[in-house]
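For reference, the structure discussed in these notes is given below.
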Protein chains: 2
Amino acid sequence: MSSTAGTRTGRRHRVRDEALAEILRTGRRLLVEEGPGAVTLRAIAREMGMTAPGLYRYYAGHRDLIQALTSSLYDELATALTDARDRHPAAEPGRQLREVCRELRHWALAHPNEFGLLFAKPVTDADTTPGTVAHDSGWRFGGVILELMVQLWRRGTIHPPTDLDPAWVRQLEEVREHLSGEPVPLEVIYVFVACWTRLYGTVAVEAFGHLDFALADPEPLFEHTLDDILTALGDTAR
Amino acid sequence: MSSTAGTRTGRRHRVRDEALAEILRTGRRLLVEEGPGAVTLRAIAREMGMTAPGLYRYYAGHRDLIQALTSSLYDELATALTDARDRHPAAEPGRQLREVCRELRHWALAHPNEFGLLFAKPVTDADTTPGTVAHDSGWRFGGVILELMVQLWRRGTIHPPTDLDPAWVRQLEEVREHLSGEPVPLEVIYVFVACWTRLYGTVAVEAFGHLDFALADPEPLFEHTLDDILTALGDTAR
DNA sequence: CCCCGAAAGTTAACGGTGTTAGCAATTGCT
DNA sequence: AGCAATTGCTAACACCGTTAACTTTCGGGG
């Protein structure tokens, strides 16, 4: 029970983790190639050359599997965003934020099914326990954007409203507690939520195909909106 | 074949229409009470005291039924918006638009499942023929907002960008053709799309529960955004 | 008025789904 | 070497959409 702590259940864990990963990989492939309705326990098992009940050794059920897939996608998106940010290491935060937002749109358009799984509905099938896995990975994603906004705020360019609704303050404080690192001003969190809402709308409406009726190429609208957002954040550079 | 045009197949049609309506009513109830995953052919038939194959006399399949339900919900939403507008008949268009936007949010929050069906859809079940029924009813809904923006534009308050992207112009012209009544300036359509995108983001992010992590009561944020939108539309009154 | 044919609704069946129970086999650790 | 945990299987149940073939109902034209 005590010795061999380093390799403790070493091989077991390794092969198990690989199985967990392969399940997610297969589910992801089905999601991409055949849409959200195709990511099914039986289909995943079939692809992997096993049977559906076997998957229950790895995930408690379909819901849990989807949730794990969701988490991994949040992580992938977060990585894509940080990569985009670090592709311009010397740039000022405004420019970096711009690139991050562009990367969000790019990722959404390149992976519409994945984006839909993350942001379309609370869940495809009506049920999510309110505060669970999505929290952690979701924050790792949102944190990338929030962090850049904090940097912008440090430069004194953001001028958030000073008259925050009292009801908000209590809630924003709760959000702040969830964040690691140095405390973030409440006003910045307010600005973050407002800007994120706007960014979400712009990207989602396009990725969900709700603009197909009007525009074949909504990029100009996106860039215009991006200008607007960054202007609101006090970023003058373009 | 020719005579009795007024009551032509009179009773038949009436009872059939009532059946069509009852199916939609039942599906709606299941959607509301048990979520989107519960609106099922068999469940609807069960609720109505019949069997699933019987429904095929009324709808070609599950997809068609959902599409019909979607259309009826678009109509209901459009009616709710026009009602909200007409509740302030003497108000200037800016005020009316404000009330319409508020009603949109109110409706979305009061009917989250319905809202999800209308606006989170293209994904969920992998299949929607791109340009079909949703067009008509969808426009009846969007037209309410567009119409008010046209009125605002007539007052000369909207100052849209004069340098429209050339690629846009062709597409916006197509949109304009879909609209009945007098021709709408392309710039107004541009502003409509931009504002609708923003409005959608604000309402959807809240209705889909993506703000639960941060705010219990996002109404102040919504009102702030609404102010912003209407200011952008040149409406000074509050 | 009656009868016919269209419309409505039924049962049976096929293939798909998530999920559970129980059993067999592999395999790492002591 | 043997124990026990882990893994995967088959069988089964309850759902789902959809089709085929049959029966019943009933409005309207002769």
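Just so we're on the same page: letters track the sequence lines, and every chain starts at 1.
At distances below 3.5 Å, not a single donor-acceptor pair connects side-chain atoms of B:Y200 with backbone N or O atoms of A:H210.
Considering only side-chain atoms of B:R57, the nucleotide from C:dG18, C:dA8, D:dC16 that sits closest is C:dA8. For A:P53, counting side-chain heavy atoms from C-beta on, the closest listed nucleotide (D:dG8, D:dT18, C:dT19) is C:dT19. Among D:dT18, C:dT19, C:dG9, the nucleotide with an atom closest to any side-chain atom of A:L41 is C:dT19.
Taking atom CG on B:L65 and atom P on D:dC16, their separation rounds to 14 Å, with Å as the unit. For the pair B:E34 CD and D:dC15 C1', the interatomic distance rounds to 13 Å; values are reported in whole Å. Taking atom NE2 of A:H13 as the reference point, atom C1' of C:dG28 lies 13 Å away to the nearest angstrom. One atom, CG of A:D64, and another, C1' of C:dT20, lie 16 Å apart when rounded to the nearest Å. Note: CZ (B:R14) to C1' (D:dG27) measures 12 Å, nearest angstrom. Rounding to whole angstrom units, CD1 of residue A:I44 and C1' of C:dT17 are separated by 13 Å. Atom pair A:I23:CD1 and D:dT7:C1' shows a separation of 12 Å (rounding to whole Å applied). We find that CE of B:M50 is positioned 17 Å from P of D:dT24, with the value rounded to whole Å.
Ion pairing between a basic and an acidic side chain is recognised when a charged N comes within 4.0 Å of a carboxylate O; A:E206 and A:R105 show such pairing.
In this structure, A:Y59 reaches neither bases nor backbone, as no heavy-atom distance under 4.0 Å exists between it and the strands shown. Backbone-only engagement by A:T40 is indicated by non-hydrogen atom pairs under 4.0 Å involving sugar-phosphate atoms exclusively.
Between B:A52 and A:A43, the residue whose closest nucleotide on DNA chain C is further toward the 5' end is B:A52.
A:R85 pairs in a side-chain contact (heavy atoms from CB on, under 4.5 Å) with only one of the listed residues (A:L97, A:V100, A:I145), which is A:V100. Of the candidates B:L69, B:N113, B:L77, B:L77 is the only one forming a side-chain contact (heavy atoms from CB on, under 4.5 Å) with B:L118.
Between B:Y56 and C:dG9, a side-chain N or O to OP1/OP2 separation shorter than 4.0 Å is absent. For the pair A:R16 and D:dG8, the criterion of a side-chain N or O lying under 4.0 Å from OP1 or OP2 is not met. Taking 4.0 angstrom as the limit, A:T51 places none of its side-chain polar atoms (N or O) nearer than this to OP1 or OP2 of D:dG8.
Not a single donor-acceptor pair, N or O on each side, falls under 3.5 Å between the base of C:dG16 and the side chain of A:R42.
In this pair, A:F208 and A:F115 present their aromatic rings tilted. The plane angle is within the 30 to 60° band.
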